[in-house]
Amino acid sequence: MASLSLRTSRHLATSTRTTAPWICQSCCQSRTFASSVSRNQQPPPPPSHQDPTQPPLPGTRQDDAPTHFGFSTIPSTLKASRVANVFSSVASSYDTMNDLMSLGIHRLWKDHFVRCLNPGIRPTGPAGLRSESTKEEGQRILDIAGGTGDIAQRMLDHATTVNKDMKTHVTISDINPEMLAEGRKRFAGSDYQLAGRVDFLEANAENLSTIPSNSIDLYTVAFGIRNFTHKDQALREAFRVLKPGGVFACLEFTPHLSNSVLDGLYKRWSFGAIPLIGQVVAGDRDSYQYLVESIERFPGQGEFRDMIKEAGFLVPGQEGGEGEKGGWEDLSLGIAAVHKGVKPV
Amino acid sequence: MSRPTLHRLLHLPSSLRTFSVLSRPTPNYPSHVPLTPLERASLAITSAFGSLLNPHRHDLIAALGEATASPYFISRLHRAMLANPTGRRILRERPRITSKTMRLEELREYPENSVGRAYAEWLDREGVTPDTRDGVRYIDNEEEAYVMQRYRETHDFTHAITGLPVIIEGELAVKAFEFANTLLPMTALSLVAFVRLKKAERARFWSVYLPWAVRNGLKAEEVVNVYWEEELGTDVGVLRGRLGIEVPPDLRGIRKREREERKRERGVREAEGRAAERNGEATG
């Protein structure tokens, strides 16, 4: 059975750092931009009788349980192929649509995400010392659900330009070949490609068997994990491939804003304007309807933080805390959030 | 608020009662998407501009048609079908036109001058097929949605019996005819594509095809009431006579003659130019 389409998760590893830089107090002030996107729809229909027709993926639990696909309920085994169709359909207009849906703010979120993670190892001290302390192969970053390559590009640019690190390597992984093709187009002929600092992997984030354990410094997944059929399995795979001390980072939409008035406006934008833009720009209302519904179905920040902890990661923060104290960072009044975890050494 | 007023309010027709995008009512047919008035207006405006900028976006033209047809125009067309016995039969039987139901190989074998043969010949000449048209999504009443679907699927038959081609000039002529005949706003809005015509084409459209379209669209019977599946064997001339449609001048023929005329004139001009050069060399 072919791998089902999931947004490729990006693995970013920063295990070679001596401190844990993923809590960067200086730059990670949450920026508040009021782009309230509201997503809400009619209540979901009662779970339908599921009919699993395919054997489950190796390494996953028995898929008798139905799962959600937006507001519909479908057998778990079918979810990935349904998601596949959505992303094959949106691949060619993906970046344009992101600009229209978020009014360009997604660029700010992604810039902030990458800047906070600070990939790349800044060379310090005289050359002699540097060659001893720096690993030969440089940082290895795995960008999951990173098909079109916008996060990978930012990672490499940041490492090269800000940290003067020429050895950082990013593997862009995506379950959907059309999305990956967009990524290949982006990097075709670029310096990074020529230097061998980027490569592409078509894989299901729930089963990264081609990636050896304890080999990744930084694992990132931006706007991908909500489409995964088994998020917990993907988190466990992330835990496996990361080196001890490696960092897991996730940028994702949240199901609702904390301010209820803004949340109302936000959801009206999501459920009204976004499928309309999808129809007019991309000729595909249904895929964008799925996308906004899938955001609604994603767990809240606290619940997701707990899932990350359950996979074995260390997440700081107090129980019942919010935002920085709770172990995540809200962006744009909570439209998106950055979650991080560190694999214990 | 008094009880009678409240009662009247609660029983307003659904097109007046508003819902929000957060709580859409259940669909009336598969793929139905109930739209709020704001969404409908936004869809109309954005799809109008979108289809003007990119006329190949049939889905936007379809969306424009659906967004602008409610509340009045599609109901009027629906009533026109209900008022006609054949129209009523079509609504009962709900025939669909697809590549499967209209087999071109069979239609090509139909008698000369029959509707079926004319349709097949027109499709072959223009290089198109009876593809499945976009499904209707934004019309709330289920039967009105079928009326819109039927109009969309029989559009090519209108082309076939008038002989108008698929190039923009021909499409505008058919749309003008359809506006006069069906009153759907999208057909009138498509005439904005007039700005894409060249000068000679505009002159021709203004003087020949627009008058033809308006005159015939108004006096003809409602074309949507034609049960095309049953008329495939009818003689085209007889059907046109029954409906009250004159044949417009052959557009492709006119354009071909004009092209040949221009080529001939260019050839003459070049020959004169060369002769003048030779004379100039001889004397100068």
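Chain naming here is simple, since letters A, B, ... match the order of the sequence lines and numbering starts at 1 in each. All figures in this text were calculated on a predicted structure; none of them were measured in a lab.
The structure places CD of A:Gln279 at 7.0 Å from CZ of B:Arg137, a figure rounded to the nearest 0.5 Å.
Residue B:Thr46 comes nearest to A:Val280 through the heavy atom pair OG1-CG2, 3.4 Å, listed as atom of the first residue, atom of the second, then distance.
Residue pairs satisfying the side chain to side chain donor-acceptor pair (under 3.5 Å) criterion with at least one member in residues 173-182 of chain B, sequence neighbours excluded, are listed as follows: B:Tyr151-B:Glu178, B:His155-B:Glu178.
Residues B:Leu43 and A:Arg285 have side chains not in contact (no heavy-atom distance under 4.5 Å, counting atoms from C-beta outward).
Against chain A, the residues from residues 51-59 of chain B that qualify, each with a non-hydrogen atom under 4.5 angstrom away, are B:Arg57, B:Asp59 in number order.
Looking at B:Leu38, there are no atoms closer than 4.5 Å to chain A (heavy atoms on both sides), in backbone or side chain.
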